[in-house]
Enquirer: 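One structure is given below, represented as C-alpha cells, and several questions about it will come after.
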Amino acid sequence: MKYLIKTYGCQFNYSDSERIAAVLEGIGFAPAKGDEDANLVVFNTCSIKQKAEDKVFGRLVKFEQMKRKKKNLIVALTGCMVRKTSTKKSPALEQDKLVKNLVPVDFVFRIEDCANLPELIKEIAPQFKLRGALDEIDSGSLKNYFKIIPKYNSRFQAFVPIASGCDKFCAYCIVPYTRGRERSRPMKEILTECKKLVEDGCKEITLLGQNVDSYGLSFLDRKEKRFKALKPGGKIYFTKLLEAVDKLKTRGLCRVRWTSPHPRDMTDDLISAVKTLKTQMPYIHLPVQAGSDNTLRRMNRPYTVEHYVGLIKKIRKVMPDCSISTDIIVGFCGETKKDFNKSCALYKKIKWDMAYMSKYSMRKYTAAHKIMKDDVPEKEKERRWRALNEIIKACSLGRNRFFLGKTVNVLVERCKNGICEGMSEHSKRTQFAGSPKLIGEIVPVKVKKALEWNLVGKITK
C-alpha cells in the first residue's frame, strides 16, 4: 500500500502533512513515487483564497478519471477546506459537504482528527490490510494530535507548531472557522520536540502559529488555566519560549525562526530577544495587511498605521540591519483608491525587504462575507496588485543591494546542476556555485550580485 500527500497553503499545512505521513507509515503505508503509484491520495488543503480551493478542485478531476481505471484508489481531503470528519459511508446528516458533492472524494478529516485515519481507512477500504495501531494517541484530541511524531522532510530543518487556531477574527480570514479557537501547546511539549530534533541533527527550527506572539495568552489558554497569569510589565510567554529554545544552541541548534506575529501583540521584550538570543536571526515577518486606518478597521485589525510604524522604528533602532517582511491585501471590501494609495505610500516609507501580497478573495463564513460587499472590481484589484508589485520589486532590490560585497551565512537547502541555494541569516534566498555535499551545511558566501528577489554570490573559505 502506498500513499501520496499533496499539500497546499502555508507552512502550517506542510507541518501537518508530516504528521499525516507519520500516521500512514505507522499503519503500513509507504510513500508513492507519483500519482499512478498511489493507493491513497491525501489532499491537505488551503482555503485562505478561492484560488487555493480551485487548485484542489482542478486536480480532483484527474483523480476522478483515474478512479474509473484503478478501483482500489482512495482519495481523502483534510486541511482548511474541511469542516466535519466523515466518509462516503457516514449518515447523510453527518457528512461534510465535500464528501457529498465531490465524486472522487472517499473521506475527509479535520487535521486534529489525524489519529482517526486508521478507522476512516478501514471504514471506506476494508480491503486494505493495516498493520498495528497508534495506541499512544487518543483519537480526536487536539493536544495528542500534536504528540504525533512527524515524519520530517528534512534532517536539518523542521517546522514545530506552538499553537493552533486563531482568536483574532480578522474580517477577511477563514482560519478561526477552519482551525477553531486559539490553543497553545504546553511549553514542555514543544521543548521536548525541539530537543529531539536537535539530537537528530536539526540546525534550523521554525516555530509556527497563526499569532505566535499571543502564545499562552488566548481565551482557551486562560480558561483551561494551563498558563499562569503574566506579571504586569513582564515578558510574554513567547519570549520565554524563545529563551528556552535558545538554550539548545549548546547542543547544536543554529537558527530559530518564527511566523507569524500580530502587531497588536508585538512587545519590546520580544524585539529585544531577537537582538540578544544567539539562535535568533535578524529577520522579522510582521503582517500589516493595509496602509489605511479605514481599511484596517474594516478588516478588524485592532491597530493603527501609526502604531505599526512605531513598531518598525523600534525594531530598526535595536537592529538597524534587521530584514523585515510583511503581508498586504489589495482590493478588500470598501477599499477606495485613496486607501490603496496610502498602502503604496506606506510601502515607500517603510521599504520592507519583501511583501507577500494577495488580491482579496471573499470567503464564506467570515465577517466580511456576512456584512460586507466585495465591491472592488477584479480588474481594479489586478491593477492595484500590479502597481504595488512594482513598488515591492524596487524596494526589494534596494534592500538586497545592501548586501553587495558582504559575506552572508547560507544554510544550503538544495543543489541542482552545480548551483546551491539556501537562506541567509537575513532570510535572503542566496545562490552560489557548489556541490550537493554542502546540503545541510551553513557556509559563508560573499555577495556578488543583488537581484529583485535573491542574492548571488561565491562561497568563501
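This is a predicted model, so every value here is computed, not measured.
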Enquirer: Salt bridge check, Glu64 against Arg68: does any charged N sit closer than 4.0 Å to a carboxylate O?
Expert: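 A salt bridge is present here (some side-chain N lies under 4.0 Å from a carboxylate O).
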
Enquirer: Near Lys51 NZ, under 6.0 Å, is it more than 12 heavy atoms from other residues, nucleotides or ligands?
Expert: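 Open.
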
Enquirer: Does this structure show an ion pair linking Glu441 with Lys203, if we count only N-O contacts that are shorter than 4.0 Å?
Expert: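 Yes, this pair counts.
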
Enquirer: Are the side chains of Ile271 and Thr267 in contact, using a 4.5 Å heavy-atom criterion?
Expert: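 Answer no - side chains too far apart.
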
Enquirer: Does Lys247 offer a backbone N or O that forms a donor-acceptor pair with the side chain of Thr250 under 3.5 Å?
Expert: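 Yes.
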
Enquirer: Would you call Lys195-Asp200 a salt bridge at under 4.0 Å N-O?
Expert: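 Salt bridge flag = no for Asp200 with Lys195.
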
Enquirer: Measure from the side-chain N and O atoms of Asn101 to the backbone N and O of Lys97, and report whether any donor-acceptor pair falls under 3.5 Å.
Expert: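 At least one qualifying donor-acceptor pair exists.
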
Enquirer: Within the structure provided, determine whether Ile74 and Tyr3 are in side-chain contact (heavy-atom separation under 4.5 Å).
Expert: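 No. Closest side-chain heavy atoms not under 4.5 Å.
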
Enquirer: Hey, is the main chain of Ser90 close enough, under 3.5 Å, to the side chain of Gln95 for a donor-acceptor pair?
Expert: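 Pair found, side chain donor or acceptor close to backbone of Ser90.
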
Enquirer: More than 12 non-hydrogen atoms from neighbouring residues, nucleotides or ligands closer than 6.0 Å to NZ on Lys100, yes or no?
Expert: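 More than 12 within 6.0 Å, yes.
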
Enquirer: Please determine, by modelled atom types, if Tyr283 and Ser325 share a side-chain donor-acceptor pair under 3.5 angstrom.
Expert: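 The answer is yes; a qualifying pair exists.
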
Enquirer: Working note: Met81 + Ser47, criterion side-chain contact (heavy atoms from CB on, under 4.5 Å); need CA distance, chi angles, decisive distance, verdict.
Expert: CA-CA 6 Å; Met81 286 175 63; Ser47 61; 3.9 Å; yes

Enquirer: Hey, which of Asp113, Thr178, Leu98 is the one that makes side-chain contact (heavy atoms from CB on, under 4.5 Å) with Val82?
Expert: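 So, applying the side-chain contact (heavy atoms from CB on, under 4.5 Å) to Val82 and each of Asp113, Thr178, Leu98, only Leu98 qualifies.
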
Enquirer: Counting only N and O atoms by type, is there a donor-acceptor contact under 3.5 Å from the side chain of Lys458 to the main-chain atoms of Val447?
Expert: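 Checked: no pair found.
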
Enquirer: Return yes if a side-chain donor-acceptor contact under 3.5 Å exists between Tyr303 and Arg301, otherwise no.
Expert: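 Yes - a donor-acceptor pair under 3.5 Å links their side chains.
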
Enquirer: For the side chain of Arg185 and the backbone of Pro161, is there at least one donor-acceptor N/O pair under 3.5 Å apart?
Expert: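 Pair found, side chain donor or acceptor close to backbone of Pro161.
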
Enquirer: For Asp221 and Ser218, test the side chains for any donor-to-acceptor distance below 3.5 angstrom and give the result as yes or no.
Expert: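 Present: a donor and an acceptor within the cut-off.
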
Enquirer: Quick check: does any side chain N or O of Ser17 sit under 3.5 Å from a backbone N or O of Asn13, one acting as donor and the other as acceptor?
Expert: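 Yes, the answer is positive, given that a donor and an acceptor are paired below the 3.5 Å cut-off.
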
Enquirer: Salt bridge or not for Asp269 and Lys235, using N-O below 4.0 Å?
Expert: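 Salt bridge between Asp269 and Lys235, a charged N being under 4.0 Å from a carboxylate O: no.
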
Enquirer: Taking only Lys NZ, Arg NE, NH1 and NH2, and the carboxylate oxygens of Asp or Glu, determine whether Lys84 and Glu94 approach each other closer than 4.0 Å.
Expert: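 Looking at Glu94 together with Lys84, the answer is no, because their closest N to O distance does not fall below 4.0 Å.
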
Enquirer: For Thr78, does its backbone N or O pair with a side-chain atom of Thr45 as donor and acceptor, under 3.5 Å?
Expert: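 Confirmed, Thr45 side chain pairs with Thr78 backbone.
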
Enquirer: Can you confirm whether Glu182 sits close enough to Asn211 that some side-chain heavy atom of one is under 4.5 Å from a side-chain heavy atom of the other?
Expert: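 A side-chain contact under 4.5 Å exists here.
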
Enquirer: Give a yes-or-no answer on whether the side chains of Thr7 and Asn44 include a donor-acceptor pair shorter than 3.5 Å.
Expert: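 On atom types as modelled, these side chains do not qualify, holding no pair under 3.5 Å.
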
Enquirer: Measure centre to centre between the rings of Tyr152 and Phe159, then say whether the value is under 6.0 Å.
Expert: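 Here the rings of Phe159 and Tyr152 have centres that are no less than 6.0 Å from each other.
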
Enquirer: Would you confirm whether Ser396, through its side chain, and Glu452, through its main-chain N or O, come within 3.5 Å as a donor-acceptor pair?
Expert: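 Confirmed, Ser396 side chain pairs with Glu452 backbone.
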
Enquirer: In chain order, what residues pass the ring pair (Phe, Tyr, Trp, His ring centres under 6.0 Å) check against Phe432, with sequence neighbours excluded?
Expert: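 Residues passing ring pair (Phe, Tyr, Trp, His ring centres under 6.0 Å) with Phe432: none at all.
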
Enquirer: Does the ring center of Phe332 lie less than 6.0 Å from the ring center of Tyr360?
Expert: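 So the answer is yes for these two rings.
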
Enquirer: Just checking, any donor-acceptor pair under 3.5 angstrom between side chains of Gln157 and Glu413?
Expert: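 Side chains of Gln157 and Glu413: pair found under 3.5 Å.
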
Enquirer: Walk me through it: do Val42 and Leu4 pass the test side-chain contact (heavy atoms from CB on, under 4.5 Å)?
Expert: CA-CA 6 Å; Val42 179; Leu4 189 66; over 6 Å; no

Enquirer: Walk me through whether Arg414 and Glu421 qualify under salt bridge (charged side-chain N to carboxylate O under 4.0 Å, His left out).
Expert: CA-CA 6 Å; Arg414 60 185 65 89; Glu421 183 178 291; 2.9 Å; yes

Enquirer: When you compare the side chain of Ile442 with that of Val410, does any pair of heavy atoms fall below 4.5 Å?
Expert: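 No, every pair of side-chain atoms sits at 4.5 Å or beyond.
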
Enquirer: Would Asn400 and Lys428 count as having a side-chain donor-acceptor pair, cut-off 3.5 Å?
Expert: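 Yes.
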
Enquirer: Output, in order, the C-alpha distance, side-chain angles, deciding distance and verdict of side-chain contact (heavy atoms from CB on, under 4.5 Å) for Asn153 and Tyr14.
Expert: CA-CA 9 Å; Asn153 290 321; Tyr14 282 88; 5.5 Å; no

Enquirer: Side chains of Glu112 and Ser164 only: does a donor on one sit below 3.5 Å from an acceptor on the other?
Expert: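 Side-chain D/A pair, Glu112 to Ser164: absent.
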
Enquirer: May I ask you to decide whether Glu53 forms a salt bridge with Arg363, counting only side-chain N to carboxylate O separations under 4.0 Å?
Expert: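 A salt bridge is present here (some side-chain N lies under 4.0 Å from a carboxylate O).
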
Enquirer: Salt bridge or not for Lys70 and Glu36, using N-O below 4.0 Å?
Expert: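 Looking at Glu36 together with Lys70, the answer is no, because their closest N to O distance does not fall below 4.0 Å.
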
Enquirer: Taking atom types as modelled and ignoring hydrogens, do the side chains of Glu123 and Thr87 form a donor-acceptor contact shorter than 3.5 angstrom?
Expert: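 Looking only at side-chain atoms, Thr87 and Glu123 do form a donor-acceptor pair, the distance falling under 3.5 Å.
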
Enquirer: Angle between ring planes, Tyr356 versus His285, binned at 30° and 60°: parallel, tilted or perpendicular?
Expert: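 Rings of Tyr356 and His285: perpendicular, as their planes differ by over 60°.
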
Enquirer: Is the charged tip of Arg59 near the ring of Tyr8: under 6.0 Å from the six-membered ring centre and within 45° of its axis?
Expert: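 No, cation not above the ring by the 6.0 Å, 45° rule.
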
Enquirer: Is any side-chain heavy atom of Asp265 closer than 4.5 Å to one of Tyr215?
Expert: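 Not touching, per the 4.5 Å side-chain cut-off.
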
Enquirer: Between Asp167 (side chain) and Phe219 (backbone), is there a donor-acceptor pair under 3.5 Å?
Expert: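 Checking the backbone N and O of Phe219 against the side chain of Asp167, a donor-acceptor pair under 3.5 Å is found.
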
Enquirer: Kindly say whether Phe146 contributes a backbone atom to a donor-acceptor pair with the side chain of Arg19 at under 3.5 angstrom?
Expert: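 The answer is yes, because a donor-acceptor pair under 3.5 Å joins these two groups.
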
Enquirer: For the salt bridge (Lys or Arg N to Asp or Glu O under 4.0 Å) test, which of Lys67, Lys2, Lys62 pairs with Asp35?
Expert: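 Filter result, single survivor: Lys62.
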
